[in-house]
Amino acid sequence: MIEITFPDGNSKKYKKGITAVEIAEQISPRLAKEVLAATVNGEPYDLNREITADGSIVLHKWEDDMGKHAFWHSSAHLMAGALEALYPGIKFGIGPAIENGFYYDVDPGEDRIITDSDLPAIENKMKEMASQNLTYSRKQISKKEAMELFSKKGDEYKTELIGELEDGTISLYTQGEFTDLCRGPHLLSTEPIKAIKLTSVAGAYWRGDEKRKMLTRIYGISFPKQKLLDEYLLFLEEAKRRDHRRIGKELELFTFSPNVGMGLPLWLPKGAAIRQTLIDFLTSILKKKGYKIVTTPHIGNVSLYKTSGHFEKYGKDSFQPISTPQEGEQFMLKPMNCPHHCEIYNATPHSYKDLPIKMAEFGTVYRYEQSGELHGLTRVRSFTQDDAHIYCRPDQLQEEFMSIVDDVLLIFRSLDFKEFSAQISLRDPENKEKYIGSEENWEKAEKAIVEAANKKGLQTTVELGEAAFYGPKLDFMVRDAIGRKWQLGTIQVDYNLPERFDLTYNGSDNQKHRPIMIHRAIFGSLERFVAVMIENNAGKFPLWLSPEKAVILPISEKFHDYSNNVLQILNNSDICTLIDERSEKIGKKIRDNELKRIPYLLIVGEKEAESGTVSVRKQGEGDKGTMKVEEFIDFIRSEMKKEIAY
RNA sequence: GCCUCUUUAGCUCAGCUGGUAGAGCAGCUCAUUCGUAAUGAGCAGGUCGUGGGUUCGAGUCCCAUGAGAGGCUCCA
């Protein structure tokens, strides 16, 4: 007998060699039907794999990520099986489960391409195979056997993978005619896979290396019920409606023109108003926090970036330097504000008593992002950072770092950003030559960040290899409408630029010392921040950020005079208000202005004109009753104040 | 940059296997003067992203190129 412990702490004895699905069966037949995968002693386990020793068990259903993972991973195998049936000789790369579904990288072979239009046929084949209730069976084999099997098949991708595996850990899974190299775990059979949708085809370099062959990646998603798939497709459609590119066009916030250049956003008046309001808001906080605003030019001498290291690191991927008519001087469009700020630091001598020095700038920078990478406002070639640099003493580093974390949290909170995650980005320990600076300083900087994040009680994930080339960082990430992650705020500790720019301060010992520099941005880029805000609020900006606060809707032409009086009073009170004088019925005016996401609709007819009032209707909520015009002004002002209370 | 797809009126899209463009919304005009998410009628709008080619004939097929989308790679 063996003893199995459940997540709730209870344990029970079973005969040796029992399987997870049998355990589930004993608990309830319904559970046995729903369970998709298991974890035994912390290790993913097939449901029908024999358990031979004491241990803990967790049974995973669809509702938990492990369950979904096994489901989608098995679906990837099912797709591979269908592909092999439809495209004999096709070769396979990797086919994992991902956050939303699965993909498989395949090499269809010379002169054969798979496009979107082939997906329905593959999908149908998958459905046909799934309905045959094929079982997934596991087989442990030796490295030599595995090599022979896949060499015979001529699948050089699989043999490459096998070459890197340790003998004794290699397993195969077979369902129907299809056998794949795989660690598992998998479902018992294809039976639970009821609904399948192949979503897209994309190119993907083998092993993510652009020097190697580009494989065809097929993305898909599957569900145990058709209803869940329908809901997912509906979610995707909803996400499309929230897409900031669509809303930006609809609400006339920003645009792009091929005549200006791809990736170079043009802010239309309403978008520019939002952007300016954000800048004003942030500036007021910066001033309270002891930052000084500086301004620097959009270009800088190439030598500046040679000093900073940016030229060596990114020079060939930047906009190429501009040459002046005389003397062969070369200037770069600035890709970063920090070198300029270091020069400002160096313009005056500093005592240890002056530190920390906090310099802030809404600095527009230019980066030559690859064309395929541009995306609306989230990835552009010209953007404005809410950039700041803190120059401090070593003994101030941790406190300053934590204080910036506070700033980020404060601002995210006042903007009602709840869904964000924090990521500590450290060096790739196996690729240290990618970075500049001494080992000792890197260790100090990485330690400072980890400690500060812990002290602040931040929930963080650690990503190796994600650091900037000059230092580690703490990044704040948010998701867009369809769940893609974007970096917003970032805090970076840097020992390197102070050295490269020979920044110093006089210490209490009257010796020169090196300050430490912290780079920080809270929004990251105003462009990306606005984009993420749009996707979060579907274009319904909070009142204080709305470019237009209210619109007056006269019931009929008879009330235009009164309406225009109100309009003037409101605009004079700095409440940006419009008027809709079209000869449309009130229902139509309400509908159109609701769709324009104007926060307040003020309906004005006979009653209002007689009593000096407006009938207030809040966007998305409906009728709020009538108010005197002055009352409305007070009301809207107090609403705005409430929104930006911090 | 690479892979696949898309590109038709201001916007959203139709246009089957080639026979020389169509709808809804927006706009304009007229009528209507109306009480909380679409009043009616009429008008006007496109050398079908651009440049070549095949063809008696190209929005439709082929090539090149611009732009956009989804990925890959990269992200100071």
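Just so it is clear, the structure is predicted and the values come from calculations on it, not from any experiment. Letters A, B, ... mirror the listed sequences (proteins, then strands); counts begin at 1.
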- Query: Which whole number of Å gives the distance between the C1' atom of B:G18 and that of B:C61?
  - Reply: 8 Å

- Is the base of B:G45 syn or anti, if syn means a glycosidic angle within 90° of 0? syn

- Item | Residue whose nearest RNA chain B nucleotide is more 5′ - A:Met214 or A:Lys607 | A:Met214

- Message: What does the B/S/- profile of nucleotides 36-46 of chain B look like, 5' to 3', with a 4.0 Å heavy-atom cutoff to protein?
- Response: BBBB-------

- Query: With rounding to whole Å, what would you report as the distance between B:U54 and B:C2 at their P atoms?
  - Reply: 28 Å

- Query: Can a side chain N or O of A:Arg367 be found less than 4.0 Å away from OP1 or OP2 on B:A76?
  - Reply: no

- Item | Touch class at under 4.0 angstrom, heavy-atom based, for A:Tyr219 against every strand present | sugar-phosphate

- State, yes or no, whether a side-chain contact exists between A:Phe383 and A:Thr364 at a heavy-atom distance under 4.5 Å. no

- Item | Rounded interatomic separation in angstrom, taking CG from A:Leu251 and P from B:U12 | 14 Å

- Query: When the nearest nucleotide of RNA chain B is assigned to A:Asp209 and to A:Gly263 on a heavy-atom basis, which residue is associated with the more 5' position?
  - Reply: A:Gly263

- To the nearest Å, give me how far apart CG (A:Leu236) and P (B:G70) are. 12 Å

- Message: Using a heavy-atom cut-off of 4.0 Å across all strands, would you classify A:Arg379 as base, sugar-phosphate, or nothing?
- Response: base

- From CZ of A:Arg217 across to P of B:C2 the rounded distance in Å is 19 Å

- Task: Looking at every strand, decide which applies to A:Gly376 at a 4.0 Å heavy-atom threshold: base, sugar-phosphate, or nothing.
- Result: sugar-phosphate

- Contact class for A:Gln487 (heavy atom, under 4.0 Å): base, sugar-phosphate, or nothing? nothing

- Query: Given atom CG of A:Asp561 and atom P of B:U33, what is their separation to the nearest angstrom?
  - Reply: 18 Å

Would you tabulate the side-chain donor-acceptor contacts of residues 116-123 of chain A under 3.5 Å, counting partners in other chains and residues two or more places apart, or write 'none'?
residue	atom	partner	partner atom	Å
A:Ser117	OG	A:Thr115	OG1	2.9
A:Asp118	OD2	A:Thr115	N	2.8
A:Glu123	OE1	A:Leu198	N	2.9

- Message: Taking the minimum atom-to-atom distance to the side chain of A:Glu557, which one of B:A76, B:C72, B:U33 wins?
- Response: B:U33

- Message: Between B:G46 and B:U8, how many Å separate the two P atoms, rounded to a whole number?
- Response: 15 Å

- Rounded to the nearest Å, what distance is computed from the CZ atom of residue A:Arg245 to the C1' atom of nucleotide B:U12? 16 Å

- Task: Using the C1' atom as the reference point in each nucleotide, state the distance between B:A9 and B:C25 in Å, no decimals.
- Result: 12 Å

- Task: Please work out if A:Gly208 contacts a base, only the sugar-phosphate, or nothing of the nucleic acid, heavy-atom cut-off 4.0 Å.
- Result: sugar-phosphate

- A:Leu251: side-chain contact (heavy atoms from CB on, under 4.5 Å) partners, not counting sequence neighbours: A:Ile247, A:Leu253, A:Arg597

- Item | Whole-angstrom distance between B:C3 and B:A38, as gauged at atom P | 50 Å

- Query: Who are the ring pair (Phe, Tyr, Trp, His ring centres under 6.0 Å) partners of A:Tyr314, not counting sequence neighbours?
  - Reply: A:Phe469

Show me the protein contacts with nucleotides 61-67 of chain B, counting only N or O atoms at under 3.5 Å.
none

- Taking the P atom of each, how far is B:C43 from B:G22, in whole Å? 14 Å

- Item | CZ-CD1 distance between A:Phe401 and A:Ile518, expressed to the nearest 0.5 angstrom | 7.0 Å

- How would RNA chain B look in dot-bracket form, 5' to 3', counting Watson-Crick and G-U wobble pairs with both distances under 3.5 Å and writing | for bases paired to another strand? (((((((..((((.....[..)))).(((((.......))))).....(((((..]....))))))))))))....

- Report the residues that fulfil side-chain contact (heavy atoms from CB on, under 4.5 Å) with A:Pro335, sequence neighbours left out, ordered by chain and then residue number. A:Tyr305, A:Arg367

- Quick one: are A:Arg381 and A:Leu374 in side-chain contact, heavy atoms under 4.5 Å? yes

- Query: Passes salt bridge (Lys or Arg N to Asp or Glu O under 4.0 Å), A:Glu621 versus A:Lys624? Steps please.
  - Reply: CA-CA 8 Å; A:Glu621 291 183 20; A:Lys624 294 280 164 191; 2.9 Å; yes

- Tell me, do A:Phe256 and A:Val380 make a side-chain contact under 4.5 Å, heavy atoms counted? yes

- Task: Under the ring pair (Phe, Tyr, Trp, His ring centres under 6.0 Å) rule, collect the residues that match up with A:Tyr600, sequence neighbours excluded.
- Result: A:Phe632, A:Phe635

- Query: A:Arg212 side chain N/O closer than 4.0 Å to the phosphate oxygens (OP1, OP2) of B:C3?
  - Reply: no

- side-chain hydrogen bond (donor to acceptor under 3.5 Å, both in side chains) involving A:Arg617 - partner list, sequence neighbours excluded: A:Glu594

- Residues forming a side-chain hydrogen bond (donor to acceptor under 3.5 Å, both in side chains) with A:Gln385, sequence neighbours excluded: A:Asn337

- When rounded to whole Å, the NZ to P distance for the pair A:Lys213 and B:G71 reads 24 Å

- A:His341: what forms a ring pair (Phe, Tyr, Trp, His ring centres under 6.0 Å) with it, not counting sequence neighbours? A:His389

- Message: Please determine whether any donor N or O and acceptor N or O are separated by less than 3.5 Å between the side chain of A:Tyr205 and the base of B:G1.
- Response: yes

- Task: Kindly say if A:Lys473 contacts the phosphate of B:A76, meaning a side-chain N or O under 4.0 Å from OP1 or OP2.
- Result: yes

- Query: For A:Thr115 and B:U4, is the shortest distance between a side-chain N/O and OP1 or OP2 below 4.0 Å?
  - Reply: no

- Message: Would you measure the distance from the P atom in B:C30 across to the matching atom in B:C13 and give it in whole Å?
- Response: 33 Å

- Message: Just N and O in the side chain of A:His375: are any of them under 4.0 Å from OP1 or OP2 of B:G70?
- Response: yes

- Task: List for me each residue that meets ring pair (Phe, Tyr, Trp, His ring centres under 6.0 Å) alongside A:His298, sequence neighbours excluded, and say none if there are none.
- Result: A:Tyr366

- Query: Between A:Lys240 and A:Glu535, does at least one N-O distance fall below 4.0 Å, as a salt bridge requires?
  - Reply: no

- Task: Mind calculating the distance between CG (A:Leu488) and P (B:C75) to the nearest angstrom?
- Result: 19 Å

- Item | Distance, P atom - from B:U7 to B:U50, rounded to whole angstrom | 14 Å

- Nearest to the side chain of A:Tyr470, which nucleotide is it out of B:A76, B:C34, B:C2? B:A76

- Please report, rounded to the nearest Å, how far the P atom of B:A76 is from the CG atom of A:Leu333. 19 Å

